[in-house]
Amino acid sequence: MIPAYVHELALRYGWPVTAAELPMTIGHRGASGHRRENTLAAFQLAADMGARMWELDTQLTADGICVVSHDDHLQRLFGQDLYISKLSFAELRAAVPDVPSFAEVAALGRQTRCGLYVELKAAGTGQLVWQELLANEQRFACLGSFDVAQVRELRDSGCDYPLSVLVRVGHDPHALADRAGADIIHLCWEKAGARPQDLVDAALIARARADGRGIVLWHEERPDIIADIVMLPVLGICTDLPDLFQNQAKAS
């Protein structure tokens, strides 16, 4: 059973979840194991599969429009030697129609009642994401980054959304969260050996709780590991396969 304090954190953030829905399934770049990542189709499918939030990445066009894409370079995903940062939004839309604006993804989130777990990639996207969410009174969201400076800038600007700091293997999550002023520690430890769940030990959990911080876990698709981590006192777990995750969570 997930401890009451985890649910209390979710309520503090303004997230519409019950204790029974924790830890939440967070579709990593949508249902990216089934659809092209970070597209409206991937996010819609994640919602259909029961994901409560979507993890997504932000980039910035040459004319200052925030769009959703992990990479600035469009070669890996779309086979085009183009950079989002060098194209206007109109040029991007003409060349690669499947790259959505953040506003479009946010609108779909409102329509499906799914939360947005936003990883800020390009500098400057944090303020745009924050203002878009505010304008639509869209509270079911979190903004975070590996870049401590981006998170700190939002905190110092008075951002009242929950902020997350992403933590690589070997880095001190508590020190990074202190520097960033983060509410949530996001552990990106999926490659930390055969049993990364063992790193989420009692001492780490106790320290996060004492600091009033929540924990979100890496994207996971291994059924045996999912069976373990759904029992941890964490807010959410990312996955490329929300359908598999939901089945495993119910079985546990």
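What you see is a predicted model; the values in this text were computed from it and never measured.
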Do [X] and [Y] have side-chain heavy atoms sitting under 4.5 Å apart?
X	Y	result
Pro196	Ile225	yes
Val165	Val148	yes
Leu116	Phe43	no
Asn136	Arg110	yes
Cys142	Tyr161	no
Arg179	Arg152	no
Leu60	Leu128	yes
Ile215	Leu187	yes

Verdict with reasoning, Asp98 to Arg36, per side-chain contact (heavy atoms from CB on, under 4.5 Å): CA-CA 9 Å; Asp98 281 349; Arg36 181 176 283 163; 3.5 Å; yes
Should [X] and [Y] count as an ion pair when the cut-off is N to O under 4.0 Å?
X	Y	result
Arg76	Glu37	yes
Arg93	Glu104	yes
Asp160	Arg139	yes
Asp228	Arg195	yes
Arg222	Asp224	no
Arg155	Asp178	no
Asp183	Arg213	no

By ring-ring contact (aromatic ring centres under 6.0 Å, His included) - contacts of Phe146 (at least two apart): none
Results of ring-ring contact (aromatic ring centres under 6.0 Å, His included) for His219 - residues two or more places apart only: His28
Short question: side chain of [X], backbone of [Y] - any donor-acceptor pair under 3.5 Å?
X	Y	answer
Asp172	His174	yes
Glu55	Arg29	yes
Asp63	Ser88	no
Gln59	Cys66	no
Gln80	Ala95	yes
Ser85	Ala62	no
Glu221	Thr239	no

Member of Val99, Thr61, Leu82 meeting the side chain to side chain contact (heavy atoms under 4.5 Å, CB included) criterion with Leu87: Leu82
Option passing side chain to side chain contact (heavy atoms under 4.5 Å, CB included) with Leu120 (candidates Asp147, Leu163, Val129): Val129
Any chance you could measure [X], atom [atom1], to [Y], atom [atom2], to the nearest 0.5 Å?
X	Y	atom1	atom2	result
Ser164	Leu166	OG	CG	5.0 Å
Asp71	Tyr83	CG	OH	10.0 Å
Lys191	Trp189	NZ	CH2	16.0 Å
Glu220	Asp240	CD	CG	9.5 Å
Gln197	Glu190	CD	CD	12.5 Å
Asp81	Leu74	CG	CG	9.5 Å

Nearest heavy-atom pair of [X] and [Y]: which atoms, and what distance?
X	Y	value
Ile185	Pro173	CG2-CB, 3.5 Å
Met49	Ala31	SD-CB, 4.3 Å
Gln138	Ala106	NE2-O, 3.0 Å
Pro242	Gly27	CG-CA, 4.3 Å
Phe140	Pro16	CG-CD, 3.4 Å
Ala141	Pro162	O-CG, 3.2 Å

[X] and [Y]: side chain donor to acceptor below 3.5 Å:
X	Y	result
Asn38	Ser69	no
Asp243	His34	yes
Gln44	Thr112	no
Trp130	Glu132	no

Criterion side chain to side chain donor-acceptor pair (under 3.5 Å) on Ser157 and Gln127, from CA distance to verdict: CA-CA 9 Å; Ser157 296; Gln127 295 286 334; 3.3 Å; yes
Step-by-step side-chain contact (heavy atoms from CB on, under 4.5 Å) determination, Tyr13 to Leu9: CA-CA 6 Å; Tyr13 303 151; Leu9 285 173; 3.9 Å; yes
Same hydrophobic cluster for [X] and [Y], using side-chain heavy-atom links shorter than 4.5 Å among ILVMFWY?
X	Y	answer
Trp218	Leu22	yes
Leu199	Leu217	yes
Leu77	Leu40	no
Val6	Met53	yes
Val67	Val105	no

Crowding at CZ, Arg168 (>12 non-hydrogen neighbours, <6.0 Å): no
Check against side-chain contact (heavy atoms from CB on, under 4.5 Å), Ile2 and Val234: CA-CA 8 Å; Ile2 297 299; Val234 299; 5.9 Å; no
Full working for side-chain contact (heavy atoms from CB on, under 4.5 Å) between Thr25 and Arg52: CA-CA 6 Å; Thr25 304; Arg52 292 292 287 122; 5.7 Å; no
